[in-house]
Amino acid sequence: MSYGQTFAAWRAAAGDDWDAYVRHPFVAGLADGTLPRESFLHYLRQDYVFLVHFARAWALGVTKSETYEEHTLCAQVVYALLHDEMPLHIQTCADEGIGRRALFDTVEAPANLAYTRYVLDAGHSGDLLDLFAALAPCVLGYGEIGARLSGTGGPYAKWIETYAGDEYQSLCRTVGAQIDDSVAQRIGTEPENSPRWSRLCGRFRTATQLEIAFWQMGLDG
């Protein structure tokens, strides 16, 4: 599994926070099936609200783009969110007796509010690199989690295999490659020497910490 050089560097810079995110007890519960169904459904409802704002953030990426490739990628991710991930949430909740209206009326939890507005602020106040650094932990972290948990089976196998599947993994590789290209275009082929590098690493780490809080919100749900 490789999602590009920039992601690998940001991941390393996040230190212990990265493992705390991708190996959170919520994730362990998904893998071994011990996660309470109520916790999963609480998470799923909040994640639907999250994806609404996430789509807005990727749409913002279109306005921050400077190349055809950047425009295309951001539009592609918005499409995938609207036509793949969000329908999966709607169907899974419907299967559990949570109708579309109830899902749409979900009240946004504080941890959700903090994360989504942080990502949007990164995009509004910075450029595309700031936005990518704030978005990457979710997109690529879920890819890493899905790849690692693939084949574990159990009640959450459908969720796991969505992120382990070829389509999502291909998207992760595409996102990672575009981040590499966008970084090189804006701050050079040795980005760690740029005065912006520590700020971008910091954005990635903060978003990772907010992912940890999001899992915990689900677990405590």
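The chain is numbered in sequence order, starting from 1.
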Point to revise | Glu161 side-chain N/O to Ser150 backbone N/O, donor-acceptor pair under 3.5 Å | key: no
Review point. Is the backbone of Leu149 close enough, under 3.5 Å, to the side chain of Thr152 for a donor and an acceptor to pair up by distance?
Key: yes
Practice item. Using modelled atom types only, decide if a donor and an acceptor are shared between the side chain of Arg203 and the backbone of Ser198 within a distance under 3.5 Å. Key: no
Practice item. Would you kindly say whether Tyr3 and Gln169 are connected by a side-chain donor-acceptor distance under 3.5 Å? Key: yes
Check your understanding: Does Trp215 use its side chain to pair, donor to acceptor, with the backbone of Tyr21 at less than 3.5 Å?
Key -> yes
Exercise for review: Say whether Val119 and Val49 are linked into one hydrophobic cluster, either directly or through other cluster members, by side-chain heavy-atom distances under 4.5 angstrom.
Suggested key: no
Review point. Under 3.5 Å, side chain of Ser170 to main-chain N/O of Glu167, donor-acceptor pair present?
Key: no
**Study point:** Geometric class of the Tyr115/Phe214 ring pair [parallel <30°, tilted 30-60°, perpendicular >60°]
**Key:** perpendicular
Review point. Relative to the ring of Tyr163, is the ring of Tyr168 parallel (under 30°), tilted (30 to 60°) or perpendicular (over 60°)?
Key: perpendicular
Exercise for review: Look at the side chain of Thr63 and the backbone N and O of Ala59, then say whether any donor-acceptor pair between them is shorter than 3.5 Å.
Suggested key: no
Practice item. Would you confirm whether Asp17, through its side chain, and Arg205, through its main-chain N or O, come within 3.5 Å as a donor-acceptor pair? Key: no
Practice item. Answer yes when Glu108 and Arg117 have at least one side-chain N-carboxylate O distance shorter than 4.0 Å, and no when they do not. Key: yes
Exercise for review: Fit a plane to each ring of Tyr48 and Phe104, take the angle between them on a 0 to 90° scale, and name the class: parallel (under 30°), tilted (30 to 60°) or perpendicular (over 60°).
Suggested key: parallel
Review point. Using 30° and 60° as the class limits, which term best fits the ring planes of Phe40 and Tyr43: parallel, tilted or perpendicular?
Key: tilted
Exercise for review: Anything under 30° is parallel, anything over 60° is perpendicular, the rest tilted; go ahead and classify His83 against Tyr79.
Suggested key: parallel
Practice item. Using only heavy-atom distances, determine whether the side chains of Gln185 and Asp181 contain a donor-acceptor pair under 3.5 Å. Key: no
Exercise for review: Look only at the side chain of Tyr156 and the backbone of Leu35, and say whether a donor-acceptor pair between them is shorter than 3.5 Å.
Suggested key: yes
Review point. Just one of Leu82, Asp84, Leu88 clears the side chain to side chain contact (heavy atoms under 4.5 Å, CB included) bar with Met86, so which one?
Key: Leu82
Review point. Salt-bridged, Arg186 to Asp130, with N to O below 4.0 Å?
Key: no
Point to revise | Glu69 (side chain) donor-acceptor with Gln178 (main chain) under 3.5 angstrom | key: no
Exercise for review: State whether Glu70 and Lys64 are salt-bridged, where the test is any N-O pair (Lys NZ or Arg NE/NH1/NH2 against Asp/Glu carboxylate O) under 4.0 Å.
Suggested key: no
Exercise for review: Take Trp18 and Arg23 through the side-chain contact (heavy atoms from CB on, under 4.5 Å) test and state the conclusion after the steps.
Suggested key: CA-CA 8 Å; Trp18 188 257; Arg23 299 181 183 276; over 6 Å; no
Review point. So, does Gln46 use its side chain to make a donor-acceptor pair with the main chain of Val107 at under 3.5 Å?
Key: yes
